[in-house]
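Below, chains carry the letters A, B, ... as their sequence lines are ordered, and counting in each starts from 1. In what follows, every heavy atom counts, from backbone to side chain, and hydrogens, waters and symmetry copies are set aside.
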Number of protein chains: 2
Amino acid sequence: MAQKIKLSTIAESLGLSTATISLALRDSPLVAADTRERIKEQARAMGYIYNRRAASLRTSRSGIIGVVVHDIMNPFYGEILKAIESELDRRSHTFILSNHYDSVEKQRSFIEMLLQLGGDGVIMSPAIGTPIEDVELAENNNMPAILVARQMEGCDLPTFRGDDSYGISLATNHLISLGHRTIAMVGGTDQTSTGRDRYQGYVNALRKAGIEVDPELRLPGPRSMQAGFDAAVDFLSLPQKPTAAVCWNDLVAIGFMNGIARAGLLAGRDISVTGYDDLEEASIATPALTTVWNGQEEVGRLAARALLDKLADSHALDGLHLIKPEMRIRQSTGPVRPRS
Amino acid sequence: MAQKIKLSTIAESLGLSTATISLALRDSPLVAADTRERIKEQARAMGYIYNRRAASLRTSRSGIIGVVVHDIMNPFYGEILKAIESELDRRSHTFILSNHYDSVEKQRSFIEMLLQLGGDGVIMSPAIGTPIEDVELAENNNMPAILVARQMEGCDLPTFRGDDSYGISLATNHLISLGHRTIAMVGGTDQTSTGRDRYQGYVNALRKAGIEVDPELRLPGPRSMQAGFDAAVDFLSLPQKPTAAVCWNDLVAIGFMNGIARAGLLAGRDISVTGYDDLEEASIATPALTTVWNGQEEVGRLAARALLDKLADSHALDGLHLIKPEMRIRQSTGPVRPRS
DNA sequence: TAATTAAATTAAACCGTTTAAACGAAGCAT
DNA sequence: ATGCTTCGTTTAAACGGTTTAATTTAATTA
């Protein structure tokens, strides 16, 4: 690198002022068409690199969007991220990603970092126990926030997520219609809105079918494949001998199917298993997993769009936006067969 | 937000100069201890937010590290990223993530974006066909690059990856020692250094055992679960009737095992299957997958460390750094059984 | 030809930090 | 007193763009 090329370098080489260069490079109609072309050509030839931080210092727009979720390696969030990415890409924004692993501190330090970098906005799936002040910190400093996948109590920010209660009731009803009466719920926690909603959907579906709800049939736990795998042991030793399991998500369900397979049981024949999310993995699993499509792409796309719209005209789209889940019936569920 | 709090706001409120405030907040010994405390307290009270882009405009250090890989949703990269993240976190750097999906254009526009943002450095797993100029673009603009997982021809940048040739030969030898003689290789491509190395390792192991190499037994393809699933059909219709498959990675292997399961075949009993990477999924799969640990965490950690060291003292650690893979034997491989 | 208007370009202020150099006050030795 | 340090703080000039009012140049009209 001989020397740093900046606006003034180009300006001198062309005998113009930096103002003209700046305007030309941004296609301002203020500068004559041929001058503009000449400038652009020269910029290219000199290998000019636009200095965003200098610009954003003046304009207070950085083109940076922050995204923070529980765990980007979780395919569920992965699919949301992919949708966000492609939407932001099209509108030439950069995004900065982070995991919070449900640590409120990690999440807050991400928000602070983003503020320091001059982030234009943030899309977040709030960590469990996020205090309202943490999102207000963002909003108060002129950095709008959008929530995805999870909701926050007493918070009117634009929120996009699937209708969990409805989605789980779809899965539960499907099992009931196959004749199952003793249905366990595997995985999940009461600490998130999602967790409460899903349990509620399960409870509602059972009640509606006149089935008594047995709290013992709920096996809460983490939302990982490993957790599903481990939960199989507990499930199999339940005295009520459930014939079906509504799993928290596809990862838990796949882990669970593998877990019961170790005991020689086959999902769909011996025990019916449903997942949630309809990840790519679901249709490949053996047996192919019956699950509920949760509209991840939709959530990501709408959230990104909402944020960019808000930045453009600050038309707030506050409040909750629910995406309607859909049933995907495959081979992991089947007619009830009594367990010995 | 009443008004934007900046150094000068604090300075005025305290009857000091911005210089003192700036120095105090960064714990400079130049300012008296009690003044410093007074300043820090006031900054906290006023809700001051450090403006990094203003600072970095002056210092030309942004604290931003870019990371670009093929696909962050791929757990293999996910594990590398996790290691990079935790290393950068400890040294208070922010990282910006991107997928290139093996598009050279997407990768270049990421590098350009990063330069505009004033990124301090970049860690990349180069897209297939990356021209040397693209990494030079970074280096020439004072943004050091580190390569992970993939190598680039004729490029002496610090590169961290597993020893693929050796790793695959471990897997192949394991199968040979179980009596297998007709071993297919499933997935992968010749277009990456990794691809060539792995095929070479497979070929070497076979030759060393006196087994003739049959090019027909190679089934190249994408490196996804779906691809492994699909490859099972081709595998089963090979005239040579292989008894084992060395799969490109764990995802391909898991897909493959599911694929042959659809034909009623069980990995480890009817056909031996090896994976590569030793992802979390591998030990949960049914049957548990025999695979090769590829040191993802190691790669990520070392790469991040190398970059930060380079930034600190620009001691270049150029050249290739190979991590030695290790065998993980589980249930998806077993003694040869002739296929009918 | 002068006056008027439109088009193209520029000067200068500004964004919020950092930092080298300068400064004033106090303490100390001479 | 005088000069010499030391300590704590301030001044002022960057950093590399954007923006608006002002100015120059060119085109049009009377």
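- When the salt bridge (Lys or Arg N to Asp or Glu O under 4.0 Å) test is applied to A/E105, no partner is found at least two apart in sequence or on another chain.
- With sequence neighbours excluded, the residues forming a salt bridge (Lys or Arg N to Asp or Glu O under 4.0 Å) with B/K106 are A/E85, A/D89, listed by chain and number.
- Partners of A/R91 under the salt bridge (Lys or Arg N to Asp or Glu O under 4.0 Å) rule, at least two apart in sequence or in another chain, are A/D309.
- A/D120 contributes a side-chain N or O that, together with a main-chain N or O of A/S62, makes up a donor-acceptor pair within less than 3.5 Å.
- Atom CD of B/E12 and atom C1' of D/dT10 are 15 Å apart (whole Å).
- Remark: B/T94 engages no residue in a side-chain hydrogen bond (donor to acceptor under 3.5 Å, both in side chains) (not counting sequence neighbours).
- Residue contacts shown for A/S60 are absent, as no nucleic acid heavy atom lies under 4.0 Å away.
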Under a 4.0 Å heavy-atom criterion, the protein footprint on nucleotides 21-28 of chain C, written with B, S and -, is --------
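- Residues meeting the ring pair (Phe, Tyr, Trp, His ring centres under 6.0 Å) test with A/F160, sequence neighbours left out: A/H321.
- For A/R38, the side-chain hydrogen bond (donor to acceptor under 3.5 Å, both in side chains) criterion is met by no residue, not counting sequence neighbours.
- Atom CG in A/L14 sits roughly 15 Å away from atom C1' in C/dT10 (whole-Å rounding).
- The distance from atom CZ of B/R36 to atom P of D/dG8 is 10 Å, rounded to the nearest whole Å.
- The phosphate of D/dT9 (OP1 or OP2) has no side-chain N or O of B/T20 nearer than 4.0 angstrom.
- Checked against salt bridge (Lys or Arg N to Asp or Glu O under 4.0 Å), B/E41 has the following partners two or more places apart in sequence or in another chain: B/R44.
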5' to 3', nucleotides 14-27 of chain D under a 4.0 Å protein heavy-atom cut-off (B base, S sugar-phosphate only, - none) gives BBBBBB--------
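- Looking at A/N141, its side chain never comes within 3.5 Å of a backbone N or O of A/M143 through a donor-acceptor pair.
- Atom CZ of A/R38 is separated from atom P of C/dA8 by 13 Å (rounded to the nearest Å).
- Within 4.0 Å (heavy atoms only), B/G15 reaches sugar-phosphate atoms of the nucleic acid but no base atom.
- Comparing atom distances between the A/S17 side chain and each of C/dT9, C/dT10, D/dT10 picks out C/dT10 as nearest.
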